[in-house]
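In this chain, residues are counted from 1 in sequence order. As a basis for the values below, the full set of heavy atoms in this structure was taken, side chains included, without hydrogen atoms, waters or symmetry mates. Computed from a prediction, not measured in an experiment: that's the story for all the values here.
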Amino acid sequence: MTTVSRRSVVAGATAAGVALGALTAAASEAAAAPVAPDVAWPAVKRPSDLRRIVWWSAAELSAAIRQRKVTCVEVMTAYLDHIDAVNPAVNAIVALRPRAELLAEAAEKDRLLRRGRYQGWMHGFPQAVKDLANVEGMPTSAGFFGQLDVPAAPPATADALFVERVRAAGAVFIGKTNTPEFGLGSHTYNKVFGTTYNAYDQTRSAGGSSGGAAVAVALRMLPVADGSDFFGSLRNPPGWNNVLGLRPSYGRVPGAGNEQFVQQGGTEGPIARDARDLALLLSTMSGYDVRAPLAIEQDPAPLGKVRRTTLRGLRIAWMADLGGYLPMEQEVLEVTGAAVDRMRALGARVDKVDALPAFGSFRGNEDLWPLWLVFRHWISGGLNKPVYDNPAWRPYLKPEAVYEIEGLLTGADGNPALTGLDVWDASVKRTAMYNGFRTLFETYDHVLLPTAQTMPFAADLEWPAEIEGVAMSSYHRWMEVTAIGTLLGAPTLAMPAGFGRSGLPIGLQVIGRNHDDAGVIRFAAAWERATRLVEDHAPGLIAR
């Protein structure tokens, strides 16, 4: 079983790579003895009731373990007990390893601490990896392998690159978080493990493809989680589960896969309940690696330092539904619009911008979806074609996967098969789109959009067929709002916006300048300090 990274998948590690093999990751170079990141660590006390451990932030948990306020065995026990109580209602964590094995690993973490060996800020953390990335010794189902008449994947023989880094920081891998088949579609269900349900309403979708990760974090079953994003997978699930997610600048979190130069759509990133935890996990996952030639060569350590600031004076472009171009539920506009009004009250300068900035060959709103389809069919179709080519597996592919592959090979939506010239012209147009936003960022610090065009829909639906009476032409047309950040390759953060009339949450996307990941995290830190949307709105399943 070879290592497959997010660079070789659509919205996560491709099942084709998992099944057919990819570039095996080289062993990481030996690193210096780790120390805790240089951040303002919170003060913690040992709780009288150890069940309260799961209510600590990741930063608080880290400080408590490092200061020996609690043992790693106590931490693991508290989390496993909590998972046993909560997870059956939502099915967020899958392939959970046996308790005895996990407690033994936690006990070894305690022995290391007693010997003065501290592995990193995640020392002793229970961690579950999205089931699209490899963890050594664990199978990667990608939501496909292991269903009826499809063989299960063998245990991986090496970690994905970002998993190497999380392991090196001291985490204990307890299982996987659920994902849709091959990460396709923003609704987490598959024939291997079933459906993951929303943290706030177990009749509703959790979003996807990082649905399991977002729900696990929202329900305190994990301190933090990794996710991956091609088309909103680190934005839609956090938005629907009232947590934070970050699609980093492309190259910030590198991956080692069998293709490194074309697939510039997918990336891994962090999910957390607050900005400080999000920053800490981002700094762990980030950094240059020679196996990833397009990785950003910047020291990741400063990413872990979040300065709690203010929204006062920030210049924000609020795009909402792009002047009516994007079909969007009224409830989404009500909640996100109210959040933007609150930003104005907090001192931000917010302007309504109703159109994507035209530049060169990119004409703005009218070019967004046609451009996206070329990009999506090309990358997604190419990545998953090996599964399609296997006659034993093709009948079990869900229609969304077939749509992407055949969109590349024979055409879809009335369009012919893609040609090399189609891809070239689309890349030129994408470059023009980037330059249009580069000009926009001369005036504004951030661009804001909703995280989805609908509120969480019924979990028994495959995807919304219409929005406000407008028919959706494909399984992902209802999330067109997330294509913008992906096409720009810019850091795009999802943060809570509030709760609607339905009682369900929705989020805001904060798009920053290229490589300004720290800037969007500072924005989220200021917003959470002013609103306390996560702290004050625990899901009913775990309400204190």
Side-chain angles (χ1 to χ4, degrees), residues 6 10-12 87 90-94 128-133 143 176-190 193-202 204-222 224-248 266-273 277-278 281 332 449-459 461 463-464 475-476 478-479 481-482 485-486 492-497 499 504-510 524 533-534 537 539 541:
R6 182 63 184 81
V10 174
N87 193 57
V90 291
N91 192 38
I93 296 177
V94 297
V129 171
K130 184 176 176 181
D131 196 22
L132 293 171
K176 293 292 190 78
T177 56
N178 203 22
T179 183
E181 181 180 303
F182 305 145
L184 292 170
S186 197
H187 180 20
T188 298
Y189 69 97
N190 59 65
F193 294 113
T195 301
T196 296
Y197 299 99
N198 192 282
Y200 287 82
D201 183 342
Q202 287 70 67
R204 298 282 163 171
S205 171
S209 61
S210 305
V215 171
V217 171
L219 290 172
R220 276 69 175 173
M221 291 189 285
L222 295 174
V224 288
D226 66 89
S228 54
D229 185 299
F230 191 114
F231 192 15
S233 296
L234 277 161
R235 292 165 278 166
N236 176 251
W240 278 1
N241 291 281
N242 197 44
V243 292
L244 286 76
L246 175 62
R247 176 191 166 88
T267 182
E268 284 100 7
I271 294 173
R273 291 185 296 271
D277 291 352
L278 194 79
L281 184 55
V332 171
L449 292 148
T451 51
Q453 290 159 237
T454 74
M455 301 297 287
F457 53 80
L461 292 179
W463 43 276
Y475 76 99
H476 49 17
W478 63 272
M479 43 190 292
V481 69
T482 65
T486 301
T492 308
L493 182 144
M495 66 183 191
F499 291 77
L504 296 172
I506 190 67
L508 284 164
Q509 296 181 80
V510 182
L533 283 167
V534 177
H537 295 85
L541 275 175

Asks: Are T454 and W240 packed together at the side-chain level, in the sense that at least one heavy-atom pair is separated by less than 4.5 angstrom?
Replies: yes
Asks: Closest approach of P237 and G208, non-hydrogen atoms and distance?
Replies: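 It is CG-N, 3.3 Å.
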Asks: Between S209 (side chain) and L184 (backbone), is there a donor-acceptor pair under 3.5 Å?
Replies: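 A pair under 3.5 Å: no.
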Asks: Is the backbone of A494 close enough, under 3.5 Å, to the side chain of Q509 for a donor and an acceptor to pair up by distance?
Replies: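 No; judged by distance alone, with no hydrogens or angles, the pair does not exist.
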Asks: Quick one, T267 and R247 - any side-chain contact, counting heavy atoms below 4.5 Å?
Replies: yes
Asks: Do R220 and P539 come within less than 4.5 Å of each other through their side chains, counting heavy atoms only?
Replies: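 They are in side-chain contact.
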Asks: Can you find a pair of side-chain heavy atoms, one from N87 and one from V90, that are under 4.5 Å apart?
Replies: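 Yes; the side chains approach each other to less than 4.5 Å.
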Asks: If every non-hydrogen atom of A214 is compared with every non-hydrogen atom of P238, which pair is closest and at what distance?
Replies: CB-N, 3.9 Å
Asks: May I ask you to decide if L533's main-chain N or O and N242's side chain share a donor-acceptor pair within less than 3.5 Å?
Replies: yes
Asks: State whether a side-chain donor-acceptor pair under 3.5 Å links T179 with K130.
Replies: no
Asks: Are the side chain of N198 and the backbone N or O of S205 linked by a donor-acceptor pair below 3.5 Å?
Replies: yes
Asks: Are L541 and Q202 close enough that some pair of their side-chain heavy atoms sits under 4.5 Å apart?
Replies: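 When only atoms from C-beta onward are counted, Q202 and L541 do touch, with a gap below 4.5 Å.
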Asks: Is the shortest heavy-atom distance from the side chain of L244 to the side chain of P496 under 4.5 Å?
Replies: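 Contact flag for L244/P496 side chains = yes.
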Asks: Any side-chain heavy atom of H187 within less than 4.5 Å of one from W463?
Replies: no
Asks: Of the non-hydrogen atoms in T482 and T451, which two are nearest, and what is the gap between them?
Replies: CG2-O, 3.5 Å
Asks: Measure the shortest side-chain to side-chain distance between N190 and P180 over non-hydrogen atoms and say whether it is less than 4.5 angstrom.
Replies: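 N190 does not reach P180 side chain to side chain.
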Asks: What orientation do F457 and W478 show, parallel under 30°, tilted 30 to 60°, or perpendicular over 60°?
Replies: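 Perpendicular.
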Asks: Which of these passes side chain to side chain contact (heavy atoms under 4.5 Å, CB included) with V217: V534, V243, T177, N241?
Replies: V243
Asks: Do R235 and T486 have side-chain atoms, one donor and one acceptor, less than 3.5 Å apart?
Replies: yes
Asks: Would L222 and I93 count as a side-chain contact (heavy atoms from CB on, under 4.5 Å) here? Give the steps.
Replies: CA-CA 9 Å; L222 295 174; I93 296 177; 4.2 Å; yes
Asks: If you measure from CG on L246 to CE on M495, what distance do you get to the nearest 0.5 Å?
Replies: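 These two atoms lie 12.5 Å from each other.
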Asks: Applying side-chain contact (heavy atoms from CB on, under 4.5 Å) to I271 and L234, what does each step give before you reach the verdict?
Replies: CA-CA 7 Å; I271 294 173; L234 277 161; 3.6 Å; yes
Asks: Between G227 and S210, which heavy-atom pair has the shortest distance, and what is it?
Replies: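 Shortest heavy-atom contact: CA-OG, 3.5 Å.
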Asks: What's the separation between atom OH in Y475 and atom CZ in F231, rounded to the nearest 0.5 Å?
Replies: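 Reported value, rounded in 0.5 Å steps: 8.0 Å.
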Asks: Considering non-hydrogen atoms only, spot the tightest contact between V215 and Y197 and give its length.
Replies: CG2-O, 3.4 Å
Asks: On a heavy-atom basis, which atom in F193 and which in D131 lie closest, and how many Å separate them?
Replies: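 In terms of heavy atoms, the two residues are closest at CE1-OD2, 3.6 Å.
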